[in-house]
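Since the structure comes first, as C-alpha cells, the remarks are kept for the end.
Chain naming here is simple, since letters A, B, ... match the order of the sequence lines and numbering starts at 1 in each. Computation of the quantities below employed the complete heavy-atom set of this structure, encompassing side-chain atoms and omitting hydrogens, waters and symmetry-equivalent molecules.
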Amino acid sequence: MMQLVETAAEAHRAADGTLEASLFDYLLRLGDDSLILAQRLTEWCGQAPALEIDLSLANVGLDLLGQATLLLDLAGEVEGAGRDGDALAFQRDVLAFRNALIAEQPNGDFAQTIARHFLYSSFQLPLLEGLTRSADPRIAAVAGKAVKEVQYHNEFTAEWVIRLGDGTEESHRRMVEGLDWFWRFVEELFESDAVEQPLVEVGIAVDRASLRAGFDARVAEVLKAATIATPVYPRAVSGGRRGHHSEHLGHLLAVMQILPRTYPDARW
Amino acid sequence: MAHDWPLWEVFIRSKGGLSHMHVGSVHAPDGELALRHARDVYTRRLEGVSLWVVRSNDILASDPSKAGPIFEPAETKVYRHPTFYTIPDVVKHI
Amino acid sequence: MYTTELGKPEQKGLAPVSVEDRALLAAFEARVAADEFIEPKDWMPETYRKTLVRQISQHAHSEIVGMLPEGNWLTRAPSLRRKAVLLAKVQDEGGHGLYLYCAAETLGASREEMTEALNAGKAKYSTIFNYPTLTWADIGAIGWLVDGAAIMNQVPLQRTSYGPYARAMVRVCKEESFHQRQGYEIMMALASGSPEQQAMAQDALNRWWWPSLMMFGPPDANSPNSAQGFRWRIKRDSNDDLRQKFVDITVPQAEYLGLTIPDPALAWNVDKGGYDFGVIDWEEFYAVVRGEGPVAKERMKARREAWENGAWVREAADAHEAKRAARIAA
C-alpha cells in the first residue's frame, strides 16, 4: 500500500518505519477527529432549537477544541519538524488529514448532529478510558482529562437520542434518518492497520477492535430506550485514516483555513 | 409550539461546607435536562460542587408583605478569566 | 442602551391610582431611594414592572442577536486559540441572554412571548448588532469597542433597583471583562502585524467607531422620559455622560494601537478634562432603530429560522416528558 507523505522528513521517517512516524500519524488521527467534530459544532452557533441547547453544543465544541489543540500540539512535537497545532490544523490539505469519515459529515438537522455525536462519543469514551493507561504519559494525561468531558458528551447526546426517538412521530422519523446517515461510517472507527498495530503492541495505542462490543452494547441500550430498531449495518465506507475523505472535508477546510492560507506569514 | 419548557430554579453549592445558593433559572422539559442545562449555563467557570434544580412552580414562598462526571472539565478552561490576557499595564481601563 | 424607545407612551390608559396604591407607591419609592432592592413578589407600580420587562428583555435580545455577528467568524477563526476563545465568548453571550430572560420572567413575562416579540420585529435590541462583520478585525473591534461600551452601561446596573436584574448584571460583569480583553488582544496582534493586517484593523475601527458611540442612545436633550428611570434606579447614568466617558477611555487605547479614530473633530478639551468629538449621524441611528440597519433583515431571519426550525425538537422533548409522566402515573 502506498504511503501518503507530505514532507521529506516524513518520507524519511516513514521509510525508517520507526515508531515515531506511527505515533505522529496516530496523534493526527485522534486530534483530527476532535478538530473536525468541533468545527462542525461551531456551525450551530446561534441557531440551536433553544438557547440552553446552544450553550450545551458550545460546551461540547470547546471540550473538543481543547482536546484537538493538545493532541495536535503533541503531534507537532513528535514530528519534530517545527509544526505546531496551528500549522497542522490550518496548513494541511485533505490528503493529509487523518480524521474518521464520521467526523466530517454535515450537521443536517438537530437529530443528525445528535446522531453523529452520540455514535462518535460512544466510541471515543472507551477509547479514552483505554488511553488513560497508555504507555506514553503525555497521551495518558490528555486522555485523563478528556475522559470526563466525553462521559458528559455521551450522556448528553444519549438523552437527546432518547427524547427525539421517543418523542413525537416527526422527531422519531428524523432521529431514525439521522442515525441512518452514519451506520456506514461506524466500522471505520474500529479498524486498525500497520500504523497502529506497532503502537498497540508497545501499549501506547488502544486496540480499536476491542472496543466494538462495548460500543454495540451502549448503542443498543440507548436505541431501545429511544424506541428505535437496531440497525442492519450496510457496507462500510472508510479511508479517512489514509487521507481519503468524503466530499465534505474539502469544503469544511476551505472555510476553516481561509485566513492562514490567504495570509501565510501572518500571526493572529 | 403551544408553550415554553417549564422553568427550573438552580442552586449551587460552590464548596464543601457551604449551603446551596440560588444562582438563577433555566428552562428544560424534564429534570435530567434541567441539571444539564444548569451545569452548562451556571458552572462554566469552576463555579460549583453540587447542583440542585427545582421546578419553579414547586417552590412555595413567604409573602414579603407579611414581614422576608460534572464540574472538573471547567478546570482547564482558564481563558475565560480576564487575567489570561496579556494587555500591557500602560493600557488603562481594560 | 437597552432603553431605546422606552419613553414611548405606555403610561397612558392606566387605571387611576387609589388611596391605598398611593401609600404603596410612596413606600416603594422610599425603598428605591434608600438604595434597597425590589424583589419579584414585592409590590411595584405597574409602569415599573412593564418598563423593566421591556428593558430587561431588550437587553436579553441584544445578547442573543449579538451572538450572530461574531458567530459569523467562528468557523474561520485563524488559530485554535482564537477559535476557542471566540466560542467561549459567544457561549457567554448566550448565557447572558439566558440570565436576563429569566430575570424578566420573574416579572411575569414568558420566554415564548419575548421570543415571539423579537421574531415578529416588535421588540428592540441594541442597534449595534445590525452592522455586518466583514473581516476578522471586526471581531477584535467588537470585543474592544462594543463590549467596552456594554461594560460601561452594565457596571452601574449592578445596583439597579430590581434584584434579579441586578444579580444578573453582577454575573454578566464578571464575564464581560474577558470579552473586552480578548477583543483588544486581537487588535494588538493585527496592529503590530503585516501591512494588510494593520489596514484590516484600521478599516474595522473606521466602521465600528460611530455605531459604538450610537450604542449609548440619543442625546440627553432628546430623552425626555429619563427622569422616572433615574428615580426608580432603572437608569443610572445619562446617555451623554456614558458616551463621554467611553470616548475618554477609548481614545488612549486606540493611540496605543497606533490606529486613528475616524473623527477629524476629536480633540482634547483642557477645560472639561475630556475629549470633544464630532457630531453623530442621528438619522442613521434612528433608521437603525426603525429596523433599517444594514443587516437587520439577516439577523431577524437567522433568529426566526432558528426558532421555527427548532420547534419540532422542543415539542419532542415535551412529548417525551408527557409520556414519561403518564407511565409513572399509570
Legend entry - Per-residue contact mode, C:I64 against chain A (heavy atom under 4.5 angstrom): side chain

Legend entry - Between CG on residue A:L41 and OG1 on residue C:T75, distance to nearest 0.5 Å: 12.5 Å

Inset, instruction - Determine the option with the most heavy-atom pairs under 4.5 angstrom with chain C, choosing from A:Q47, A:E52, A:E170, A:R261. - result: A:E52

Inset, instruction - Please look at A:W160 and chain C and tell me whether the side chain, the backbone, both or neither of the residue comes under 4.5 angstrom of a heavy atom of that chain. - result: side chain

Legend entry - Flag, side chain of A:D86 to backbone of C:L80, donor-acceptor distance under 3.5 Å: yes

Inset, instruction - Among C:R324, C:E305, C:E308, C:M67, single out the residue with the greatest number of heavy-atom pairs under 4.5 Å to chain A. - result: C:M67

Legend entry - Contact class of C:L190 relative to chain A, heavy atoms under 4.5 angstrom: side chain

Legend entry - Heavy-atom proximity to chain C below 4.5 Å, by part of A:A38: neither

Legend entry - Toward chain A, the part of C:M187 with a non-hydrogen atom under 4.5 Å: neither

Inset, instruction - Below 4.5 Å from any heavy atom of chain A, which atoms of C:V90 appear? Answer side chain, backbone, both or neither. - result: side chain

Legend entry - Part of A:A89 within contact of chain C (heavy atom distance under 4.5 Å): side chain

Inset, instruction - Could you have a look at A:A48, A:A50, A:C45 and say which one has the most heavy-atom pairs with chain C under 4.5 angstrom? - result: A:C45

Legend entry - Pick from C:P78, C:G71, C:A319, C:A316 with the largest number of heavy-atom pairs that fall under 4.5 Å of chain A: C:P78

Inset, instruction - Could you walk me through whether A:L164 and C:W312 pass side-chain contact (heavy atoms from CB on, under 4.5 Å), step by step? - result: CA-CA 9 Å; A:L164 297 180; C:W312 67 270; 3.7 Å; yes

Inset, instruction - Give, for atom OG1 of A:T69 and atom CZ of C:R81, the distance between the pair rounded to the nearest 0.5 Å. - result: 11.0 Å

Inset, instruction - State the CD-CG distance between A:E43 and C:L74, to the nearest 0.5 angstrom. - result: 9.5 Å

Legend entry - Between NE2 on residue C:H320 and CD1 on residue A:I162, distance to nearest 0.5 Å: 6.5 Å

Legend entry - Minimum heavy-atom distance between C:R82 and A:W268, given as atom pair plus value: NE-O, 2.8 Å

Legend entry - Contacting region of A:L55 [heavy-atom separation from chain C under 4.5 Å]: both

Legend entry - Heavy atoms of other groups near C:K323 NZ, more than 12 under 6.0 Å: yes

Inset, instruction - Identify which part of A:F110 has an atom lying under 4.5 Å from any heavy atom of chain C, answering side chain, backbone, both or neither. - result: both

Inset, instruction - Say whether, by atom type as modelled, one donor and one acceptor occur between the side chain of C:R303 and the main chain of A:G46 under 3.5 angstrom. - result: yes

Legend entry - Among A:E159, A:M256, A:M175, A:R40, residue most engaged with chain C (heavy-atom pairs, under 4.5 Å): A:M256

Legend entry - Donor-acceptor under 3.5 Å (C:Q197 side chain, A:R267 main chain): yes

Legend entry - C:L107 CG: over 12 foreign heavy atoms closer than 6.0 Å: yes

Inset, instruction - Side chain from CB out, backbone as N, CA, C, O: work out which of these in A:R174 comes under 4.5 Å of a heavy atom of chain C, or both, or neither. - result: side chain

Inset, instruction - Could you tell me the separation between the CG atom of A:L259 and the CH2 atom of C:W73, rounded to the nearest 0.5 Å? - result: 5.0 Å

Legend entry - Residue C:A322 versus chain A: region with a heavy atom under 4.5 Å: neither

Inset, instruction - Give the member of C:A189, C:A317, C:A306 that has the highest number of heavy-atom pairs under 4.5 Å with chain A. - result: C:A306

Inset, instruction - Go through the atoms of A:E169 and report whether side chain, backbone, both or neither lie under 4.5 Å from a heavy atom of chain C. - result: neither

Inset, instruction - Could you tell me the separation between the CG atom of A:L51 and the CH2 atom of C:W307, rounded to the nearest 0.5 Å? - result: 9.5 Å

